[in-house]
Amino acid sequence: MKIATWNVNSVKARIEAIRLWISEAAPDVLCLQEIKCANEAFPRSVFEDLGYNCAIHGQKTYNGVAILSKRPLEDVAAGLPGCDDDDHARYLEAAVTCGTGVIRMASVYAPNGNPVGSNKFDYKLRWLERLTARAKQILKQEEAAAFMGDFNVIPSSEDCHDPAAWVNDALFQPESRAALRRIEHEGYTDAFRTCNTQTHQFTFWDYQAGSWQKDHGIRIDHILLTPRATDCLKTCAIDKHIRGREKPSDHVPVWCELEL
DNA sequence: ATGCCGACAGGATGTCGA
């Protein structure tokens with residue numbers, strides 16, 4: 001089973017790019033972030049024509065996440081528990097039944113949090129705490145699960161081109177990195193880091209300052225697996241070449257193959 | 001240099017992203 005995540009920076013602006021990547025990569029599940037449209041504006045029929053079921057947690061203009069799956073999506077739940085007045089569409093969960101059982105998927109779009117010291121940074125840390133709480137709940141069920149998406153956290157210095165350029169950024173604050181580590185310490189595995197020892201492997205390159213041309217990127221899109229899912233992990237990769245295409249998202253797809 | 005690019009809403013240019 002091939003599962004993937006991609007922050008597309010507007011599903012409408014990226015529809016042809018997504019269609020092309022799906023036809024080449026043929027993921028069984030694709031978690032999307034920053035779809036930037038309401039549920040009713042989501043181009044559902046494009047994906048249904050490609051053989052996917054759609055679960056959508058949309059929002060006009062900002063945020064918005066979705067899960068596409070060749071198999072039926074069950075037990076769909078939109079929103080992260082723990083804060084009733086959070087109106088950002090940043091989290092969507094669904095379960096997929098496969099040959100050997102059920103795997104739960106979460107499409108994750110953590111807040112950016114800049115500037116540091118602002119209420120946006122507080123919101124980011126609180127949001128990551130709520131994500132950790134949900135991750136712990138799922139861990140208790142002892143089922144296969146994958147948290148996939150844009151966590152907006154650079155895990156270590158080796159996950160960016162120049163750490164000095166990021167020291168004042170919310171994505172690289174010790175508190176942000178600790179929040180991601182806390183999820184891992186609960187028992188989750190960073191699929192990419194487990195499968196790849198190479199440093200400086202990025203998932204995001206800014207549109208500005210020739211970041212792509214200079215390979216000045218950061219690794220902020222992650223797949224975190226429960227132990228049961230990690231036991232099935234075969235490969236994990238970043239489809240870097242997608243960033244070099246016409247009208248690209250600033251993020252590229254990350255995927256892993258699970259022997260499920 | 002809180003910019004450089006790009007999407008969005010709206011119909012100019014400010015907000016947001018990371």
Side-chain angles (χ1 to χ4, degrees), chain A residues 5-19 31-43 46 56-66 86-91 107-128 131 148-177 179-180 192 200-222 238 240 242-254:
Chain A
T5 180
W6 192 5
N7 179 327
V8 291
N9 185 17
S10 169
V11 70
K12 283 184 269 185
R14 223 62 63 199
I15 193 66
E16 287 311 314
I18 301 170
R19 197 206 303 263
C31 291
L32 299 175
Q33 298 87 38
E34 277 207 272
I35 62 174
K36 292 187 174 178
C37 67
N39 287 6
E40 55 272 22
F42 188 82
V46 172
I56 308 150
H57 182 34
Q59 183 179 341
K60 191 179 179 182
T61 312
Y62 303 118
N63 312 313
V65 289
D86 183 357
D87 56 357
H88 292 203
R90 298 181 173 276
Y91 184 84
S107 187
V108 174
Y109 178 46
N112 170 304
N114 277 307
V116 174
S118 68
N119 54 6
K120 289 183 177 181
F121 188 62
D122 292 337
Y123 172 61
K124 175 184 189 139
L125 296 181
R126 287 199 312 272
W127 197 92
L128 288 170
L131 182 67
M148 302 190 281
D150 177 1
F151 287 72
N152 267 316
V153 177
I154 302 166
S156 81
S157 300
E158 300 179 335
D159 297 308
C160 59
H161 168 260
D162 179 13
W166 292 93
V167 287
N168 294 318
D169 196 285
L171 281 65
F172 198 53
Q173 290 310 293
E175 297 96 322
S176 308
R177 294 161 60 193
L180 184 65
F192 182 79
H200 305 99
Q201 303 298 298
F202 309 131
T203 65
F204 167 91
W205 296 260
D206 201 297
Y207 289 120
Q208 305 181 75
S211 299
W212 167 246
Q213 288 76 12
K214 292 184 276 192
D215 198 24
H216 289 183
I218 51 179
R219 190 171 73 91
I220 54 175
D221 298 271
H222 307 299
I238 299 167
K240 178 177 180 178
I242 297 303
R243 186 63 176 80
R245 290 192 170 166
E246 286 294 308
K247 210 167 172 273
S249 169
D250 38 8
H251 299 249
V252 297
V254 182

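In this text the structure is predicted, and so the values were computed from the model without any measurement. In the text below, chain A, chain B and the rest are named by the order of the sequence lines, each starting its count at 1. When reading the values below, keep in mind they use all heavy atoms of this one structure, side chains included, and skip hydrogens, waters and symmetry mates.
A/Ser176 places a side-chain N or O within donor-acceptor distance of the main-chain N or O of A/Ala170, the cut-off being under 3.5 Å. In this structure a side-chain-to-backbone donor-acceptor pair under 3.5 Å is missing from A/Asn63 to A/Arg90. Although no hydrogens or angles enter the test, the distance criterion places no donor-acceptor pair under 3.5 Å between the side chain of A/Ser10 and the main chain of A/Lys36.
In this structure A/His251 satisfies the ring-ring contact (aromatic ring centres under 6.0 Å, His included) test together with A/Phe204, sequence neighbours excluded. For the ring-ring contact (aromatic ring centres under 6.0 Å, His included) test, no residue two or more places apart in sequence or in another chain qualifies with A/Trp166.
Each of A/Pro248 and A/Gly210 has a nearest nucleotide on DNA chain B; the 5'-most of these lies closest to A/Gly210. Between A/Phe204 and A/Ile35, the residue anchored closer to the 5' end of DNA chain B is A/Ile35, taking for each the nucleotide with the nearest heavy atom.
Distance A/Glu246 CD to B/dG6 C1': 14 Å, rounded to the nearest Å. Atom CD of A/Gln33 is separated from atom C1' of B/dA7 by 17 Å (rounded to the nearest Å).
A sub-4.0 Å separation between OP1 or OP2 of B/dA7 and a side-chain N or O of A/Arg14 is present.
Spacing of P atoms, B/dC16 relative to B/dG10, comes out at 15 Å, to the nearest Å. On the P atoms, B/dT13 is 27 Å away from B/dA1, given to the nearest whole Å. With P as the reference atom, B/dT2 and B/dA12 are 28 Å apart, rounded to whole Å.
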Between protein and nucleotides 9-17 of chain B, what N or O pairs are separated by less than 3.5 Å?
residue : atom : partner : partner atom : Å
B/dA9   : OP1  : A/Thr61 : OG1          : 3.4

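Relative orientation of the A/Trp212 and A/Trp205 rings is perpendicular, given thresholds of 30° and 60° on the angle between their planes.
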